[in-house]
Amino acid sequence: MAATNGASKSVLTKETPEDGVKIAKELAEEVREETGVQLDPDAWQQPTGADDAGGPANLWYFAFGSNMNKSVFEGRRMIKPAESAPAVLPGYRLCFSCPGLPYREPAFASVEPIPANDDDGHNGAQQEAPEVHGVVHRITPRQWQHIQETEGAAGHSEFGYGAVSVPVRTYDGRTVQAFTLITQPKSVAFLKGRRALPSQRYLSLVQAGAKESSLDPAYQEYLASLPAYQPGRSLGSRLGKLLMAAMFFLLVAPAFAFTRLWAKFTGLEEKGAARTGSNGKKGDSSSESKHGPGGLRARLMARYLHAVFSLAWAVHHWVEPLLGCGCTNGQAAAKGGKQS
């Protein structure tokens with residue numbers, strides 16, 4: 001315990017990168033002695049690049065939300081793709097149907113098929129939505145696994161995001177088969193028919209990523225026209241925001257911090273995960289799975305996050321009559337369109 005306490009104190013007061021390396025090695029050695037698990041204390045120093053041992057960069061991933069933004073994709077998610085290119089996904093449009101935390105981050109980006117006849121109750125702005133543009137990244141199987149885990153798409157078959165394979169057309173004329181993430185119906189149901197709005201913070205990340213990636217100017221104008229959720233200044237809105245902030249810092253942030261630390265120390269890979277496909281057969285890295293990696297850690301994380309967000313939306317529906325809606329701007333928009 002003395003060594004652990006000393007290391008913890010050093011973490012709080014470290015002054016140089018060398019101190020950080022020393023602490024990481026000490027902690028890795030303690031973990032090895034206590035559990036037998038060998039961690040890589042040097043893995044935290046750089047993002048996982050395409051040349052790492054997770055296999056060749058032979059998968060394409062189409063990003064349409066914050067993962068277009070380099071500060072998110074290469075910074076927060078620690079993924080350095082072998083290649084990135086602006087692209088469009090024919091037949092699909094951008095939507096915000098992945099529930100987040102009401103009053104703070106009500107919804108995150110997803111895509112949905114464009115109906116042949118758009119008379120399904122969507123509002124006028126949604127009817128005019130263009131085909132979704134984004135960035136297609138060439139990555140390794142290990143990096144794809146990490147994306148699914150950090151997006152909540154790993155290990156759960158009904159909630160959160162599901163992975164699908166779609167043909168994507170790059171701006172330079174290539175057509176590649178890429179994986180992307182789509183909100184699964186049972187998660188959309190959390191919104192109870194509301195067309196939830198993204199926070200200004202999240203929408204700004206999407207807009208900045210589109211500009212940084214030189215997406216089509218007309219599409220950038222479309223993104224700039226989208227409304228963001230504006231928290232009210234009433235006491236109810238402030239209480240709702242405070243309530244969800246508490247849930248985030250107590251229940252959500254620690255889970256993502258654990259995932260990030262695990263990725264740094266283990267190189268984004270559970271033993272054998274990159275070589276095992278969705279059907280459990282070795283060598284199947286095509287990720288035909290619509291639910292992501294099936295490792296025990298991934299399944300537990302997915303179920304935990306599902307339980308947390310289910311609780312958050314249950315609380316929202318209970319307090320909404322008192323505090324107001326935490327995912328739309330005003331009561332008039334609350335039931336303004338069906339989520340597909």
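Everything numeric in this text was worked out from a predicted model, so none of it was measured.
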Discussion item. How long is the straight-line distance from CZ of F179 back to CD1 of I139, given to the nearest 0.5 Å?
Written reply: 9.5 Å

Item to complete: Check the pair L215 / M68 against side chain to side chain contact (heavy atoms under 4.5 Å, CB included), numbers first and verdict last.
Response: CA-CA 10 Å; L215 296 193; M68 296 190 294; 3.7 Å; yes

Item to complete: Give the C-alpha distance, both sets of side-chain angles, the deciding distance and a yes or no for side chain to side chain contact (heavy atoms under 4.5 Å, CB included) between Y92 and I182.
Response: CA-CA 11 Å; Y92 286 78; I182 295 181; 4.0 Å; yes

Practice prompt. Please tell me if the side chains of F96 and L226 come closer than 4.5 Å, counting only heavy atoms from C-beta onward.
Written response: yes

Worksheet item: Got a donor-acceptor contact below 3.5 angstrom from the S199 side chain to the E105 backbone?
Response: no

Item to complete: Measure the acute angle between the ring planes of H133 and Y171, then classify it against the limits of 30° and 60° as parallel, tilted or perpendicular.
Response: perpendicular

Worksheet item: What closest approach, in Å, do P198 and P227 show between heavy atoms, and which atom pair accounts for it?
Response: CD-O, 3.9 Å

Item to complete: Could you tell me the separation between the CG atom of L197 and the CD atom of Q230, rounded to the nearest 0.5 Å?
Response: 9.0 Å

Worksheet item: Using a distance-only test with no angle check, is there a side-chain donor-acceptor pair under 3.5 angstrom linking Q200 and S204?
Response: yes

Worksheet item: Are the side chain of H146 and the backbone of M78 linked by a donor-acceptor contact shorter than 3.5 Å?
Response: no

Worksheet entry | Shared hydrophobic cluster, V88 / V136 (ILVMFWY, side-chain heavy atoms < 4.5 Å) | no

Item to complete: Treat each ILVMFWY residue as a node, draw an edge where side-chain heavy atoms are under 4.5 Å apart, and state whether L89 and W144 are in one component.
Response: yes

Worksheet item: So do P81 and R138 actually touch side chain to side chain, heavy atoms under 4.5 Å?
Response: no

Response to the item:
Nearest heavy-atom approach of S110 to S97 is CB-OG, 3.5 Å

Worksheet item: Applying the 4.5 Å side-chain criterion to the ILVMFWY set and letting contacts propagate, would L94 and V72 be lumped into a single cluster?
Response: no

Discussion item. For A85, is there any backbone N or O sitting under 3.5 Å from a side-chain donor or acceptor partner on T170?
Written reply: no

Worksheet, complete the sentence: With sequence neighbours left out, the residues meeting salt bridge (charged side-chain N to carboxylate O under 4.0 Å, His left out) with K186 are E158

Fill in: Same apolar cluster: V111 and L223, side chain cutoff 4.5 Å
yes

Item to complete: Measure the CZ-CD1 distance between F73 and I147 for me, rounded to the nearest 0.5 Å.
Response: 4.0 Å

Worksheet item: Do the ring planes of F108 and Y202 sit parallel (below 30°), tilted (30 to 60°) or perpendicular (above 60°)?
Response: perpendicular

Worksheet item: Can you tell if the side chain of N67 reaches within under 4.5 Å of the side chain of I79, non-hydrogen atoms only?
Response: no

Response to the item:
Per side chain to side chain donor-acceptor pair (under 3.5 Å), Q145 is matched among R142, E149, Q143 by E149

Practice prompt. For residues L101 and A312, report the shortest heavy-atom separation together with the two atoms involved.
Written response: CD2-CB, 3.6 Å

Response to the item:
Closest non-hydrogen contact found for R77 with S66 is NH2-OG, 4.5 Å

Discussion item. Tell me if a side-chain donor or acceptor on Q148 pairs with a main-chain N or O of A163 at a distance below 3.5 Å.
Written reply: no

Fill in: Nearest heavy-atom neighbours spanning G162 and Q184
N-CG, 3.6 Å

Worksheet item: At their closest point, which heavy atom of G324 faces which heavy atom of H316, and how far apart are they?
Response: O-NE2, 4.3 Å

Response to the item:
In this structure, CD of Q207 is separated from CG of N69 (nearest 0.5 Å) by 11.0 Å

Discussion item. Can you confirm whether E131 sits close enough to Y219 that some side-chain heavy atom of one is under 4.5 Å from a side-chain heavy atom of the other?
Written reply: no

Worksheet item: Are any of the side-chain heavy atoms of V168 and T180 separated by less than 4.5 Å?
Response: no

Worksheet item: Quick one: does R93's side chain have a donor or acceptor within less than 3.5 Å of a partner on I114's backbone?
Response: no

Worksheet entry | Inter-residue atom distance Y103.OH - C325.SG, 0.5 Å rounding | 7.0 Å

Item to complete: Give the cluster check for L205 versus V135: same hydrophobic cluster or not, with ILVMFWY residues linked at side-chain heavy-atom distances below 4.5 Å.
Response: no

Discussion item. Check whether S213 reaches the backbone of A210 with its side chain - one donor and one acceptor, N or O, closer than 3.5 Å.
Written reply: no

Worksheet item: Is there a side-chain contact between R195 and T328 (heavy atoms, below 4.5 Å)?
Response: no

Worksheet entry | CD-OG distance between Q220 and S214, expressed to the nearest 0.5 angstrom | 7.5 Å

